[in-house]
Amino acid sequence: MSELATQAGLTPDELEARIAILRGAGYEIELVPHLGYRMSGVPDRLIADDLSGLLSRNGAPLKIAREILVFEETGSTNDVAARLARAGTPEGLVVFAERQTAGRGRLGRRWDSAARKGLWFSLLLRPALSMAGWSRLTTWAALGVARGLEEVLPGCRAAIKWPNDVYLSGRKAVGILIESAADSSGNFAIVGIGVNVNQTAADFPEELAGRATSLRLAAGGEEVPPLDRQEVATALLRHLDTLYDRLDEEEGDGFSSLVAEAETRSCLLGQWVEIAGPAEAFHGIAEGLEPDGSLRVRREDGTAVRISGGEVTVANWQNRA
């Protein structure tokens with residue numbers, strides 16, 4: 001122990017105090033006589049320093065994850081990130097919460113944010129795009145998440161339900177909510193991401209049964225050990241960071257390539273869909289994605305329309321109006 005203390009630049013008492021802090025945080029550390037300390041287990045919790053260390057293991061910190069905050073509980077990580085953005089916080093902040101009491105999805109829907117079951121986090125971004133180009137963030141976020149899921153679940157194919165849901169085995173595993181604003185601190189976007197990681201079927205409320213899934217369920221269910229949520233988080237952030245610089249590039253490996261890959265992952269294209277927009281609801285065939293990432297739908301009268309927002313669901317052709 002004295003040798004370890006010397007290597008760490010601590011006195012034996014200081015080392016023992018540090019070990020006690022780690023044990024109090026949930027790390028399982030035992031003292032092996034004549035050998036030293038051995039860590040036999042890590043806590044199932046998100047730790048900002050650990051996440052930062054994992055992300056910077058191969059170099060400098062990620063552009064989108066310059067700073068990481070972890071809250072045990074908060075209302076909404078989007079709201080926390082937005083408050084910090086208005087206070088002038090620069091791009092690259094990630095806010096995680098072990099539990100959200102007011103998590104939300106698109107159209108104000110409640111997002112179930114069970115403690116230590118998933119990843120509930122928000123990114124603060126200030127992209128170098130015109131405000132009209134900020135709609136690209138939806139395609140970028142969904143694609144980055146899909147790639148990250150496939151890294152932690154080899155053999156699984158992540159599909160994208162336009163505009164911002166990611167599916168595994170035909171069920172929703174990830175929801176994305178992007179909110180943008182402008183004030184005295186400048187323009188900013190908050191990208192909220194909710195990932196179901198270790199839920200079992202019994203963890204989902206009745207209204208989500210048969211429609212939602214988790215990474216653990218997609219990997220094999222309760223027979224599979226729970227996934228390491230920190231490893232999942234770092235995989236998602238690395239892939240999002242890799243694609244971030246391609247938002248403002250038009251050709252080659254730029255944004256056009258993101259749109260092309262998102263098309264190959266779409267679970268809507270070729271389907272008869274219903275579009276519920278602010279002005280009207282109508283049906284059509286989802287044909288493809290436009291260069292800006294919006295959805296192209298062929299209506300029953302043969303006209304093609306570009307959809308940039310609204311609720312899109314697969315509809316029953318036989319029951320069409």
Atom [atom1] in [X], atom [atom2] in [Y]: separation rounded to 0.5 Å?
{"X": "Lys172", "Y": "Asp165", "atom1": "NZ", "atom2": "CG", "value": "3.5 Å"}
{"X": "Ile193", "Y": "Leu119", "atom1": "CD1", "atom2": "CG", "value": "9.5 Å"}
{"X": "Lys161", "Y": "Leu268", "atom1": "NZ", "atom2": "CG", "value": "6.0 Å"}
{"X": "Ile307", "Y": "Trp162", "atom1": "CD1", "atom2": "CH2", "value": "6.5 Å"}
{"X": "Gln230", "Y": "Leu54", "atom1": "CD", "atom2": "CG", "value": "6.0 Å"}

Does [X] use its side chain to pair, donor to acceptor, with the backbone of [Y] at less than 3.5 Å?
{"X": "Ser56", "Y": "Ser52", "answer": "yes"}
{"X": "Glu98", "Y": "Leu46", "answer": "yes"}
{"X": "Trp272", "Y": "His283", "answer": "no"}
{"X": "Glu222", "Y": "Thr200", "answer": "no"}
{"X": "Glu67", "Y": "Ala65", "answer": "no"}
{"X": "Arg265", "Y": "Glu261", "answer": "no"}
{"X": "Asp248", "Y": "Leu129", "answer": "no"}
{"X": "Arg229", "Y": "Asn198", "answer": "no"}

Side-chain contact, heavy-atom cut-off 4.5 Å: [X] with [Y]?
{"X": "Val191", "Y": "Ile176", "answer": "yes"}
{"X": "Lys63", "Y": "Asp245", "answer": "yes"}
{"X": "Leu168", "Y": "Leu215", "answer": "yes"}
{"X": "Leu258", "Y": "Arg136", "answer": "no"}
{"X": "Trp140", "Y": "Leu125", "answer": "yes"}
{"X": "Thr89", "Y": "Arg66", "answer": "yes"}
{"X": "Ile68", "Y": "Leu55", "answer": "yes"}
{"X": "Phe255", "Y": "Arg246", "answer": "no"}

Between [X] and [Y], is there shared hydrophobic-cluster membership here, with clusters defined by ILVMFWY side-chain heavy atoms closer than 4.5 Å?
{"X": "Leu93", "Y": "Leu247", "answer": "no"}
{"X": "Leu51", "Y": "Val232", "answer": "yes"}
{"X": "Val94", "Y": "Leu69", "answer": "no"}
{"X": "Val259", "Y": "Tyr244", "answer": "yes"}
{"X": "Leu217", "Y": "Tyr167", "answer": "no"}

Closest non-hydrogen atom pair between [X] and [Y], with its separation:
{"X": "Leu289", "Y": "Ala262", "result": "CD1-CB, 3.8 Å"}
{"X": "Val224", "Y": "Arg216", "result": "O-NE, 2.8 Å"}
{"X": "Phe204", "Y": "Ser214", "result": "CZ-N, 4.2 Å"}
{"X": "Pro163", "Y": "Ala142", "result": "O-CB, 4.3 Å"}
{"X": "Val174", "Y": "Leu149", "result": "CG2-CD1, 3.9 Å"}
{"X": "Val312", "Y": "Val273", "result": "CG1-CB, 4.0 Å"}

Quiz prompt | NZ/NE/NH1/NH2 to OD/OE distance under 4.0 Å, Glu287 and Arg306 | solution = no
Exercise. For the pair Arg157 and Glu150, find out whether any cationic side-chain nitrogen is under 4.0 Å from an anionic carboxylate oxygen.
Key: yes
Exercise. Let me know which of Ile178, Leu137, Leu237 forms a side-chain contact (heavy atoms from CB on, under 4.5 Å) with Leu123.
Key: Leu237
Practice problem: Just do the salt bridge (charged side-chain N to carboxylate O under 4.0 Å, His left out) check on Arg296 and Glu263 with the steps written out, would you? | Solution: CA-CA 11 Å; Arg296 185 175 68 255; Glu263 274 198 324; 5.2 Å; no
Quiz item: Would Leu177 and Ile190 satisfy side chain to side chain contact (heavy atoms under 4.5 Å, CB included), going step by step from the backbone distance to the final call?
Solution: CA-CA 8 Å; Leu177 174 65; Ile190 306 298; over 6 Å; no
Quiz item: Under 3.5 Å, is there a donor-acceptor pair linking the side chains of Thr138 and Asn164?
Solution: no
Quiz prompt | Pair Asp292, Ser294: side-chain N/O donor-acceptor within cut-off below 3.5 Å | solution = yes
Quiz item: Within a reach of under 6.0 Å around CG of Asp49, are more than 12 heavy atoms found that belong to other residues, nucleotides or ligands?
Solution: no
Quiz item: Are more than 12 heavy atoms from other residues, nucleotides or ligands located less than 6.0 Å from atom CD of Glu290?
Solution: yes
Quiz item: Given the rule in the side chain to side chain contact (heavy atoms under 4.5 Å, CB included) test, do Arg99 and Glu72 qualify, once you have shown the distances and angles that lead to the verdict?
Solution: CA-CA 6 Å; Arg99 178 173 180 266; Glu72 186 65 25; over 6 Å; no
